[in-house]
J.: 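Can you keep this structure in mind? I'll have questions shortly.
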Amino acid sequence: MKYHFNEIEKKWQDYWAKNQTFKAENQSDKPKYYVLDMFPYPSGAGLHVGHPLGYIASDIYARYKRHKGFNVLHPQGYDSFGLPAEQYAIQTGQHPAITTEENIKTYRRQLDQIGFSFDWSREVRTSDPKYYKWTQWIFIKLFESYYCKDSNQARPISELITVFNQEGNLRINAACDEDVTFFSAGEWKVFSFKTQQEILLKYRLTYLAETEVNWCPALGTVLANDEIVNGVSERGGHPVVRKKMTQWSMRISAYAERLLQGLETIDWTDSLKESQRNWIGKSVGASVTFKVKNHDEVIDVFTTRPDTIFGASFMTLAPEHELVSKITTPEQKAEVEAYIEATAKRSERDRMADVKTITGAFTGAYADHPFTKEPIPIWIGDYVLAGYGTGAVMSVPCGDQRDFDFAKHFNIPIPNIFEGVDISEEAFTDKEKTIIANSDFLNGLNYKEATKKIIEELEKIGQGQGKTNYRLRDAVFSRQRYWGEPFPVYYVNGMPQMIDEKYLPITLPEVEKYLPTETGEPPLGNATVWAWDAQRHIVVNNSDIDHKTIFPLELNTMPGWAGSSQYFNRYMDPHNDNEIFSQEAINYWQQVDLYIGGSEHATGHLLYSRFWQKFMFDLGLVPHDEYAKKLINQGMILGTSAFVRRIDSFMFEKGKQGVTDFHTGGYNVETNILVSNGLAQNQTFLKDLLIKIKPEGEIALKAYNKIISDIEEYSISIRQGIHADVSFVNSSDELDIETFKNWRPEFKDAEFICEEDGTFKVKRDVEKMSKSKYNVVNPDNICHDYGADSLRLYEMFLGPLEQYKPWNTAGITGVHSFLKKLWKLYFDDKGLKVTDTKPSSDSLKTLHKTIKKVEEDIENFSFNTSVSTFMIAVNELTAQKCTSKAILEPLLILISPYAPHIAEELWEALGHNESISTADFPVFDEQYLVESTKNYPISFNGKMRFTLELPLDLSKEDIEKAVLEYEKTQDQLQGRTPKKVIVVPGKIVNIVG
RNA sequence: GCUGAAGUGGUGGAAUUGGUAGACACGUUGGACUUAAAAUCCAAUGGCCAUUAUGGCCGUGCGGGUUCAAGUCCCGCCUUCAGUACCA
């Protein structure tokens, strides 16, 4: 019998589906274990071989835990709201729901063929109204809560209202907007309803506020900070500008400290925790109030070095700071305004790219130093960011390099307040070595003492206090998109009202067009049925709006991370229409035991979901305020792109770095000449070509003339080239020119310059796997050619799980032939070979060695090495001609998490009626590994000289004696007399000469 | 700049607490089988030297150190990758 993997895999996938083999129950005598994957966004491109890496790892672990006697929850679903489906809808008019449904079908087929042990009965989709009902529900709960800093938790907003009625907000210690002003109970009571609502919004955990947001004109929507990379949008790379807009926000900043503290309690990777710590950006220091001379205004600053306050020789405000226009003197007005205008023109990106140039302007105003009462000039400068702290700093040039550079540039005095330190060249920033001088009552104190003292003094005069600042900003929660969760919100007199949770979900309305309206409203502005009847509690036609009983509904939708912030809990009870999940379910499953997913979500999903979990914990809905005990980041599988080198530019370089005649440059040429990669690296060839091709344009011609006059001195290169589909290239990097021409007709008449042997070679490079780079390897093909078990084994074999690694299909033959060898251990031409014969001690040793190693490997998530262990085991058992069922049966259980299909098939062949997944993991027994004698490697002065086989039960003294005896007879010590024999029982014997 | 991870054959990568470095696989070379190819099987494969076998020397980014013994521990560098960045 032969190993027909395609038939076998189909058979068992059908069997698992039909018998619901992996359905998890919410109660069991067994201990529970929850293995979670980050659910995928179902894109139109389908899966490539990189996607399932994490799913294979989690599947191995889930299957292993089942063998180990756990009741395992291993669900899967889809993060099915998102921009690509919407953009496709804009182009084609196809409803995103239809596209999404189709994509999900493809994903499901592709996932199924890899043989995952998901419990599909618990599938969730974020775009399903039955699911997003609960996303909306949490939103309402957030709206109805504020953050109490005294009890350090979210509390109902009704408690806040009670206090306002009793005593106003003077003593309230809650997370709120900075512009909240104090009021008494009496004042509160006479406020209009609208004013009261406006005040409450400043406390709610989700609130509507006019904030400066990141607006992306190309995408037509706002973006959260984590959706922006290097000043452009993460998706599409479009420019982002700052804009003031009224938006929903989440008061995640209230949870900053708990999000930071919680990291200590969870087993996530250090690098990921570090990313989150940086993102939260806690800094401890003080806020100091400076009075502006001849004005009523004050400037608050935040500093981490209040101890250096006597070194403050100027202040710097961000150009956007609101006080700038108020305090600028008439003489300085022109200069300041010109500067503000100049900085406003610079985009975020320019500002980031150019951090060296020092710019600024003097406002003409002065502040009072709180202690010396000296006048301190107030400057503006764009090195101070409006978005961090208060947008103002006290500048201490001797203690901060940026202040130092600024002071040097504008000739501002740099007083030295450090003892025994030279600050003529650069600022002194070492806190630990700081001894304060020239600072009145701080003289002689170190950093810690001085900080403590100065804060006390600041508090005495009422001009400052200790303060902790966080970089973490509140997260903007509105998106001007169609394909997302609608808000359960309608507006009365412009004030947001929540729809009662009884009437959820508020489902997404149909629209004609998925683009924003002509007046710039979000796409939901196109909906005709999108108004709230507050009496009948239904969504009705917009034209009925009367602002008395029928009101407009919110037009924004929620961002992508809304749906993914609570899905892990919903899996516990996914079909519950009455509650987000039952207490019974959450108390049984508790939290995720193992979460596997990519590290790219470090400051997005993985932070927001922790925030929601903490909020739900405060509401008493969940038993833990961290939802995932352990998290592993799988690395990415990269593709190997193929580049056809085209002559489209010449880059040239002369001399070496550090040498004065270093000269480098380049210019573009428009040609349709494609050259084989070997030639593209051949200097003689490139130089000949360069001489032949004269560029157009004055500057390029100048460069051309310069280098041909001295061409031998230059090294020439050309750009990477254009992507070719990797399927047009064979294993020796040779391009099939005809196929390539048919694929890209613009190269039909191109000149292809081949190598001497007539071949045309491409350049290879490792990149992220992507459709646009034509380097995608489709798992469908791999499953067809080698089978899902080969794919699973190979993805694990490729290298450590966390690591980034390139895919190379060629290597898959190794694991594939392992499976064939495994099959041959059970079957030959005549049929089943397995018998009930007594196993040999060699085979028992092989088996138990394998059990031990595989168990350790899985527990440590080093799946790559256990694949090697299997290969060794099968090779050894084949060599031992092992046919014993007592060996071959447990072996299958070991392999089953990795290669479940072949394991099921062979398990059935051994006469089992039940799925192998119900079998217990074999128990390791040390007795089979114990030997009667052991080889003691013996080293002499550290060098291994010989080995001595001795019985195991010898004492240390016996071994020493034996070694000395042996040494006498063998003359291994080359005539020297040993001084000392070192014996480490069971390990190694050393002889010191 | 800061933070984190890493550096081992032609390649992906193994190596428990410091204990015979290079497991396993790919690739390459040679051989068997075959009309041939595929498939399969066998052998060799870190470098250098030696060979009649046994052998010898060097080798885990670089330079030191600790140790009977270092890929592993310590000190000082270099390089690469990732994240982050005028954060006061």
Side-chain angles (χ1 to χ4, degrees), chain A residues 229-230 269-279 281-283 285 288 301-306 308 312 315-316 318 351-352 354-358 381-385 387-396 399-403 405-406 429 469-472 599-600 602-603 633 635-636 731 793-794 797-800 802-818 820-821 824 852-853 856 860 862 864-873 875 935-947 978-982 984 986-993:
Chain A
V229 179
N230 295 331
T269 58
D270 289 338
S271 65
L272 198 138
K273 287 192 200 177
E274 199 55 34
S275 296
Q276 293 209 345
R277 281 191 200 107
N278 287 339
W279 193 261
K282 179 179 182 175
S283 38
V288 185
V301 303
F302 173 75
T303 175
T304 54
R305 295 296 303 275
T308 63
M315 298 189 71
T316 316
R351 230 165 121 161
M352 276 162 63
D354 179 27
V355 297
K356 296 233 168 63
T357 319
I358 295 159
D382 71 354
Y383 81 95
V384 176
L385 304 176
Y388 183 77
T390 59
V393 299
M394 66 172 207
S395 301
V396 183
D400 183 288
Q401 193 56 45
R402 291 156 302 166
D403 295 343
D405 294 340
F406 194 88
T429 55
N469 205 44
Y470 298 90
R471 195 185 81 114
L472 183 69
S599 56
E600 65 273 20
T603 51
N633 295 126
M636 203 181 283
S731 56
L793 283 168
Y794 188 53
F797 184 70
L798 229 40
E802 298 91 339
Q803 209 162 297
Y804 279 57
K805 49 213 169 239
W807 178 268
N808 173 21
T809 304
I812 203 171
T813 53
V815 294
H816 188 61
S817 64
F818 154 73
K820 288 196 274 194
K821 282 183 205 165
K824 281 188 190 161
K852 185 164 187 263
K853 186 73 167 61
E856 281 169 6
N860 296 323
S862 51
N864 55 328
T865 48
S866 34
V867 179
S868 298
T869 309
F870 293 141
M871 291 179 178
I872 295 166
N875 284 340
N935 275 326
Y936 284 82
I938 297 177
S939 60
F940 172 58
N941 273 359
K943 286 228 164 121
M944 231 287 292
R945 295 291 176 180
F946 51 96
T947 63
K979 282 180 188 155
K980 192 167 74 170
V981 179
I982 300 162
V984 185
K987 274 196 177 170
I988 275 198
V989 182
N990 298 287
I991 299 170
V992 186

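Order of the sequence lines fixes the chain letters, A, B, ..., with proteins taken first and strands second; residue numbering starts at 1 for each chain.
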J.: A/Asp400 has an atom CG; how far is it from atom C1' of B/G1, in whole Å?
T.: 13 Å
J.: Tell me the closest heavy-atom pair linking A/Phe797 and A/Val867, and the distance in Å.
T.: CD1-CG1, 3.7 Å
J.: Working to the nearest 0.5 Å, report the span between NZ of A/Lys820 and NZ of A/Lys824.
T.: 7.5 Å
J.: Can you check the distance between B/U8 and B/C24, where both ends of the measurement are the C1' atom (answer in whole Å)?
T.: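 My reading of the C1' atoms in B/U8 and B/C24 gives 15 Å.
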J.: For the side chain of A/Thr303, counting heavy atoms from C-beta on, which of B/A88, B/A85, B/U3 is nearest?
T.: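 Of B/A88, B/A85, B/U3, B/A88 is nearest to the side chain of A/Thr303.
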J.: How long is the line joining OH of A/Tyr383 and C1' of B/A85, in whole Å?
T.: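 Distance, rounded to whole Å: 17 Å.
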J.: Now, which nucleotide makes the Watson-Crick or G-U wobble pair with B/C86, with each of the two distances under 3.5 Å?
T.: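 Partner of B/C86: none found under 3.5 Å.
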J.: Nearest whole angstrom, please: distance from the P of B/C24 to the CD1 of A/Ile872.
T.: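 Distance, rounded to whole Å: 6 Å.
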J.: Taking atom P in both B/A6 and B/U17, what distance in whole Å separates the two?
T.: 15 Å
J.: Over how many whole Å does the gap from A/Asn278 atom CG to B/U3 atom P extend?
T.: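 Computing the A/Asn278:CG to B/U3:P distance gives 10 Å.
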J.: With rounding to the nearest 0.5 angstrom, report the NZ to CG distance, A/Lys282 to A/Leu472.
T.: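 Atom-to-atom, A/Lys282:NZ and A/Leu472:CG are 13.0 Å apart.
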J.: Tell me: CD1 of A/Ile812 to C1' of B/C24, nearest whole Å?
T.: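 Computing the A/Ile812:CD1 to B/C24:C1' distance gives 16 Å.
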J.: Scan every strand shown for a Watson-Crick or G-U wobble partner of B/G55, both distances under 3.5 Å, and answer none if you come up empty.
T.: B/C49
J.: With rounding to the closest Å, how many angstrom separate the C1' atoms on B/G59 and B/A53?
T.: 26 Å
J.: Rounded to whole Å, how long is the line connecting atom CE of A/Met636 with atom C1' of B/C81?
T.: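 Rounded to the whole Å, the gap is 13 Å.
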J.: Please state whether the phosphate of B/A88, meaning OP1 or OP2, lies under 4.0 angstrom from any side-chain nitrogen or oxygen of A/Ser283.
T.: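 True: A/Ser283 side-chain N/O within range (under 4.0 Å) of B/A88 OP1/OP2.
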J.: Is the backbone N or O of A/Ser283 less than 3.5 Å from a side-chain atom of A/Asn469, with the two atoms forming a donor-acceptor pair by type?
T.: no
J.: Partner lookup for B/A36, please. Criteria are Watson-Crick or G-U wobble with both distances under 3.5 angstrom; report none if nothing qualifies.
T.: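 Across all strands, not a single nucleotide pairs with B/A36.
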J.: From the list B/A25, B/U40, B/C87, which nucleotide is the closest neighbour of the side chain of A/Lys820?
T.: B/U40
J.: Nearest 0.5 Å please: distance from the OG1 atom of A/Thr304 over to the CG atom of A/Asp400.
T.: 8.0 Å
J.: Which base, if any, makes a Watson-Crick or G-U wobble pair with B/G4, both distances under 3.5 Å?
T.: B/C81
J.: Give one of base, sugar-phosphate or nothing for A/Asn864, where a contact means two heavy atoms less than 4.0 Å apart.
T.: sugar-phosphate
J.: Would you say A/Asn860's side chain and A/Glu856's backbone share a donor-acceptor pair under 3.5 angstrom?
T.: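 Confirmed, A/Asn860 side chain pairs with A/Glu856 backbone.
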J.: Between B/A85, B/U3, B/U40, spot the one nearest the side chain of A/Arg471, thanks.
T.: B/A85
J.: Syn or anti for B/G9, with syn set at within 90° of 0?
T.: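 B/G9: syn glycosidic orientation.
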J.: Is there a Watson-Crick or G-U wobble partner for B/U28 with both distances under 3.5 Å, and if so, which one is it?
T.: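 Base-paired to B/A44.
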J.: Under the salt bridge (charged side-chain N to carboxylate O under 4.0 Å, His left out) rule, what do A/Arg277 and A/Glu274 come out as? Steps first, then yes or no, please.
T.: CA-CA 5 Å; A/Arg277 281 191 200 107; A/Glu274 199 55 34; 3.0 Å; yes
J.: Considering only atom C1', compute the distance from B/U11 to B/G22 and round it to an integer number of Å.
T.: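 Result for the C1' pair: 13 Å, nearest Å.
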J.: Determine the interatomic distance between C1' on B/G65 and the same-named atom on B/U72; round to the nearest Å.
T.: 15 Å
J.: Identify whether any heavy atom of A/Thr269 sits under 4.0 Å from a base atom; if not, whether one sits that close to sugar-phosphate; answer base, sugar-phosphate or nothing.
T.: nothing
J.: Without decimals, in angstroms, what is the distance between A/Leu385 CG and B/A85 C1'?
T.: 10 Å
J.: Please report the distance separating the P of B/C42 from the corresponding atom of B/U35, rounded so that it comes out in whole Å.
T.: 22 Å
J.: If you measure from the P atom in B/A5 to the same atom in B/U60, how many Å do you get, rounded?
T.: 24 Å
J.: Whether A/Arg277 contacts B/U84 is assessed here as follows: a side-chain N or O lying under 4.0 Å from the phosphate OP1 or OP2. Is that the case?
T.: no
J.: Could you tell me which nucleotide pairs with B/U72 by Watson-Crick or G-U wobble geometry, both distances under 3.5 Å, or answer none if nothing does?
T.: none
J.: Show each protein N/O and nucleotides 5-12 of chain B N/O combination with a separation under 3.5 Å, one pair to a line.
T.:
from	atom 1	to	atom 2	distance (Å)
B/G12	O2'	A/Leu798	O	2.6

J.: Return whichever of A/Ser275 or A/Arg305 has its heavy-atom-nearest nucleotide of RNA chain B closer to the 5' end.
T.: A/Ser275
J.: So A/Phe818 and A/Phe870, would you call those rings parallel, tilted or perpendicular, with 30° and 60° as cut-offs?
T.: parallel
J.: Pick the C1' atom in B/A70 and in B/A21, then give their distance to the nearest Å.
T.: 11 Å
J.: Roughly how many Å is it from CG in A/Asn633 to C1' in B/C81, rounded to a whole number?
T.: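 My rounded result for the distance is 15 Å.
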J.: Pick base, sugar-phosphate or nothing for A/Lys282, based on heavy-atom distances below 4.0 Å to the nucleic acid.
T.: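 The residue A/Lys282 makes no contact with any strand.
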J.: Determine: side-chain N/O of A/Asn875 to OP1/OP2 of B/C42, distance under 4.0 Å, yes or no.
T.: no
J.: What's the closest nucleotide to the A/Pro800 side chain, out of B/U3, B/G13, B/C24?
T.: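 Ranking B/U3, B/G13, B/C24 by closest atom to the A/Pro800 side chain puts B/G13 first.
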J.: Distance check, rounded to the nearest 0.5 Å: A/Asn278 atom CG versus A/Arg471 atom CZ?
T.: 7.5 Å
J.: Could you please name the partner base of B/A21, counting Watson-Crick and G-U wobble pairs only when both distances are under 3.5 Å?
T.: none
J.: Let me know which of A/Val384, A/Val301, A/Thr316, A/Thr303 forms a side-chain contact (heavy atoms from CB on, under 4.5 Å) with A/Ser395.
T.: A/Thr316
